[in-house]
2 protein chains.
Amino acid sequence: MPTLSQENYLKALWHLAADGKVTLQRLASHLGVSPASALAMVRKLSANKLVTYRRTTGIRLTAKGRLTALQIVRRHRLWEVFLHDKLGYQWDEVHSIAEQLEHVAPADLTERLDAFLGYPRFDPHGDPIPQHDGTLPGRSDLVLSEQPPAMYRIVGLVQTHDALLRQLHSLNLTIGQVVELRHHRSFDDVFVLRVGQNTEHIGRAVAERIIVEPA
Amino acid sequence: MPTLSQENYLKALWHLAADGKVTLQRLASHLGVSPASALAMVRKLSANKLVTYRRTTGIRLTAKGRLTALQIVRRHRLWEVFLHDKLGYQWDEVHSIAEQLEHVAPADLTERLDAFLGYPRFDPHGDPIPQHDGTLPGRSDLVLSEQPPAMYRIVGLVQTHDALLRQLHSLNLTIGQVVELRHHRSFDDVFVLRVGQNTEHIGRAVAERIIVEPA
DNA sequence: TTCATATTTTAGTCACGACTAAAAAATAAT
DNA sequence: ATTATTTTTTAGTCGTGACTAAAATATGAA
Ligand SMILES: [Mn+2]
Ligand SMILES: [Mn+2]
Ligand SMILES: [Mn+2]
Ligand SMILES: [Mn+2]
């Protein structure tokens with residue numbers, strides 16, 4: 001049973017591990033703490049067999065640590081679904097509230113919440129919700145900016161942050177939305193989209209953050 | 001913005017104030033902490049103008065402290081409604097989970113939750129839910145054990161605890177249930193009730209904890 | 001290789017919220 | 001009015017999770 005702080009570290013480690021070796025620097029800056037603090041916590045987690053740490057390999061979650069982290073991510077994303085679907089929050093508002101709720105974890109609350117929400121597989125940002133056993137639903141990894149003109153369904157985002165979410169929301173580019181990629185003007189890197197009745201123009205910075213599947 | 005611990009103290013002080021002068025002893029034993037710890041916290045709360053403390057009057061919430069406490073109680077009871085009505089928990093299970101959730105309080109979450117639940121006025125135990133402005137819905141204060149034979153609706157409980165809740169649940173004596181008080185056998189202090197199709201017998205210890213209104 | 005820079009690690013400190021043990025003050029009983 | 005008991009208060013300590021500043025190691029460039 002990790003503390004609240006330990007849970008935050010485990011979740012951070014899980015997220016960071018997706019992009020290569022996890023150093024104290026990366027961990028510390030991601031959490032906004034000093035490297036000294038990060039090291040102290042890594043040692044605690046290591047003593048609890050939740051991570052291993054060698055300078056050469058960096059910080060790595062053990063199987064036990066990964067499982068724990070996935071449960072936290074599961075709670076986080078389920079609460080995001082609740083806040084979005086049931087309480088009517090916008091998708092750029094749910095993350096910070098879920099940061100609080102993810103640490104509430106008595107017995108079967110998560111499973112009841114999951115059932116109440118209808119066993120969702122993806123959160124409001126399109127991110128897969130880890131299942132009880134730690135498996136992650138699969139999702140397309142096609143980036144819009146690299147696709148040929150055709151019809152696509154938006155299924156996810158890369159490097160989500162609130163400003164991007166608000167921008168996309170104003171363009172009606174939300175999860176599940178089907179769009180037509182008309183063409184890519186290569187001389188100024190603008191992508192022309194058909195969204196419902198509107199024609200929208202987005203730059204590469206946005207287009208390369210949108211994950212799609214053929215529709 | 002009080003800390004989590006401060007919130008727990010404020011809530012305890014609000015509950016305890018209903019039964020007279022609040023001493024360090026009462027506060028400490030209610031929270032399961034030492035009197036020394038309670039004193040240290042009372043001083044912190046006092047510095048924050050949330051309570052006053054004089055040996056003669058005991059510990060008293062200021063207007064600001066009372067308002068804060070009522071918001072915590074509000075969140076607690078709203079989450080209890082959510083857990084009971086939406087997630088299907090039994091009424092003896094919701095309290096301990098709500099103890100965690102009550103401390104999650106970003107911006108308008110409480111108000112959205114209130115709306116989602118349909119603006120309930122009472123929690124699953126019949127306790128009134130403080131409104132946003134700090135007012136408490138009124139409720140009958142008639143104790144079943146002191147009423148003459150007649151039809152009554154159960155609207156609340158006195159000194160709720162899980163064992164009592166499970167006992168009452170097994171007798172189908174839940175909030176909103178209408179029962180007929182048949183008579184009181186004074187020589188052994190047993191109250192005879194008609195609950196739906198069944199006749200139930202309860203002792204004074206139970207009967208004097210049931211709050212009713214005429215039905 | 002040698003110096004400069006970046007990263008990791010140590011050492012010492014702090015706030016918070018708890019603890020125990022003992023002293024002081026207030027109440028109650030004889 | 002004295003004791004005895006209860007309650008409050010002080011004093012010192014501890015674990016958690018943060019900090020800074022400086023030392024030790026690695027890593028990169030000249
Ligand atoms: Mn999130
Ligand atoms: Mn998300
Ligand atoms: Mn409760
Ligand atoms: Mn209740």
Side-chain angles (χ1 to χ4, degrees), chain A residues 1-17 19-61 65 68-69 72 99-100 102-105, chain B residues 1-17 19-61 65 68-69 72 99-100 102-105:
Chain A
M1 42 234 72
T3 65
L4 186 148
S5 226
Q6 285 172 3
E7 289 196 345
N8 283 328
Y9 274 88
L10 289 173
K11 187 161 64 92
L13 289 168
W14 183 79
H15 280 295
L16 291 170
D19 306 291
K21 180 178 164 184
V22 182
T23 63
L24 286 172
Q25 285 279 326
R26 285 185 72 204
L27 178 59
S29 94
H30 185 264
L31 287 170
V33 300
S34 71
S37 302
L39 175 61
M41 183 57 90
V42 163
R43 283 179 171 156
K44 241 171 277 179
L45 295 173
S46 179
N48 292 345
K49 305 285 185 210
L50 293 163
V51 308
T52 59
Y53 175 43
R54 287 193 308 272
R55 248 183 313 234
T56 52
T57 60
I59 308 150
R60 303 188 54 175
L61 290 167
T68 307
I72 301 161
E99 290 286 316
Q100 309 286 119
E102 71 190 4
H103 303 291
V104 177
Chain B
M1 41 234 73
T3 65
L4 187 148
S5 228
Q6 286 173 3
E7 289 196 345
N8 283 328
Y9 274 89
L10 289 173
K11 188 161 62 94
L13 288 168
W14 182 79
H15 281 294
L16 291 170
D19 306 291
K21 181 178 163 184
V22 182
T23 63
L24 287 172
Q25 285 280 326
R26 284 184 73 205
L27 179 59
S29 95
H30 185 264
L31 287 170
V33 300
S34 71
S37 302
L39 175 61
M41 183 58 89
V42 163
R43 283 178 172 157
K44 241 170 280 180
L45 295 173
S46 178
N48 293 345
K49 307 284 186 211
L50 293 163
V51 310
T52 59
Y53 175 43
R54 287 195 305 272
R55 248 181 315 236
T56 51
T57 60
I59 307 151
R60 304 187 54 174
L61 290 168
T68 307
I72 301 161
E99 289 286 313
Q100 308 287 119
E102 72 190 4
H103 302 293
V104 178

Q: Identify which nucleotide among dT10(D), dA18(C), dG17(D) has an atom closest to any side-chain atom of Arg43(B), counting heavy atoms from C-beta outward.
A: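 Nearest to the side chain of Arg43(B) among the choices is dT10(D).
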Q: Roughly how far, to the nearest 0.5 Å, is the OG1 atom of Thr52(B) from the CG atom of Leu45(B)?
A: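 It comes to 11.0 Å.
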Q: Measuring from the side chain of Leu39(A) (C-beta onward, heavy atoms only), which nucleotide among dT20(D), dC19(C), dT9(C) has the closest atom?
A: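 Nearest to the side chain of Leu39(A) among the choices is dT9(C).
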Q: What's the separation between atom CD in Glu7(A) and atom CE in Met1(A), rounded to the nearest 0.5 Å?
A: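 If I round to the nearest 0.5 Å, the distance is 11.0 Å.
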Q: Choose from dG17(C), dT8(D), dT25(D) the nucleotide whose nearest atom is closest to any side-chain atom of Gln6(B).
A: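 Looking only at heavy atoms from C-beta outward on Gln6(B), the closest nucleotide is dG17(C).
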Q: Between Ser34(B) and dA18(C), is there a side-chain N or O to OP1/OP2 distance below 4.0 Å?
A: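 Answer is no, no contact under 4.0 Å.
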Q: Picking from dG17(D), dT7(D), dT8(C), which would you name as closest to the side chain of Lys44(A)?
A: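 It is dG17(D).
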Q: Between dA26(C) and Arg55(B), is there an OP1 or OP2 to side-chain N/O distance shorter than 4.0 Å?
A: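 Affirmative; the distance criterion is met.
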Q: From the list dT8(D), dT9(C), dA18(D), which nucleotide is the closest neighbour of the side chain of Leu24(A)?
A: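 Among dT8(D), dT9(C), dA18(D), the one nearest the side chain of Leu24(A) is dT9(C).
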Q: In whole angstrom, what separates Met41(B)'s CE from dT8(D)'s P?
A: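 Atom CE in Met41(B) sits about 18 Å away from atom P in dT8(D).
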Q: Ala36(B) has a side chain; which of dC19(D), dT25(D), dC19(C) sits nearest to it?
A: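 Ranking dC19(D), dT25(D), dC19(C) by closest atom to the Ala36(B) side chain puts dC19(C) first.
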Q: About how many Å separate NE2 of His103(B) and CD1 of Ile72(B), when rounded to the nearest 0.5 Å?
A: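 Going from the CD1 atom of Ile72(B) to the NE2 atom of His103(B) covers 7.5 Å.
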Q: Contact class for Arg26(A) vs. all strands (heavy atom < 4.0 Å): base, sugar-phosphate, or nothing?
A: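 Arg26(A): no heavy atom of the nucleic acid under 4.0 Å.
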Q: How would you list, by chain and number, every residue that makes a side-chain hydrogen bond (donor to acceptor under 3.5 Å, both in side chains) with Lys44(A), sequence neighbours excluded?
A: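 By the side-chain hydrogen bond (donor to acceptor under 3.5 Å, both in side chains) rule, Lys44(A) matches no residue at all.
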Q: Which nucleotide wins on minimum distance to the side chain of Tyr9(A), given the candidates dG17(C), dA18(D), dT9(C)?
A: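 Of the candidates, dA18(D) comes closest.
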Q: dA18(C), dG17(C), dT9(C): which one has an atom nearest the side-chain heavy atoms of Val33(B)?
A: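 Selected nucleotide: dA18(C).
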Q: Which of these passes side chain to side chain contact (heavy atoms under 4.5 Å, CB included) with Tyr9(A): Val51(A), Val33(A), Thr3(A)?
A: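 For Tyr9(A), the side chain to side chain contact (heavy atoms under 4.5 Å, CB included) check succeeds only for Val33(A).
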Q: So, is Thr3(B) close to the dC16(C) phosphate, meaning a side-chain N or O under 4.0 Å from OP1 or OP2?
A: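 Thr3(B) to dC16(C) OP1/OP2: no side-chain N or O under 4.0 Å.
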Q: For Ser5(A), report the nucleic acid contact type (base, sugar-phosphate, nothing); a contact means any heavy atom under 4.0 Å.
A: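 If one applies the 4.0 Å heavy-atom cut-off, Ser5(A) turns out to touch the sugar-phosphate alone, with no base involved.
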Q: If you find the nucleotide of DNA chain C closest to Lys21(B) and the one closest to Ala40(B), which residue's nucleotide is nearer the 5' end?
A: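 Taking each residue's closest nucleotide, the earlier one in sequence belongs to Ala40(B).
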Q: Across the strands shown, which category fits Gly58(A) at heavy-atom distances under 4.0 angstrom: base, sugar-phosphate, nothing?
A: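 No contact at all - Gly58(A) keeps every heavy atom at 4.0 Å or more from the nucleic acid.
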Q: So if I take every side-chain heavy atom of Thr23(A) and compare against dT20(C), dA26(C), dT8(C), which nucleotide ends up nearest?
A: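 Given the options dT20(C), dA26(C), dT8(C), the side chain of Thr23(A) is closest to dT8(C).
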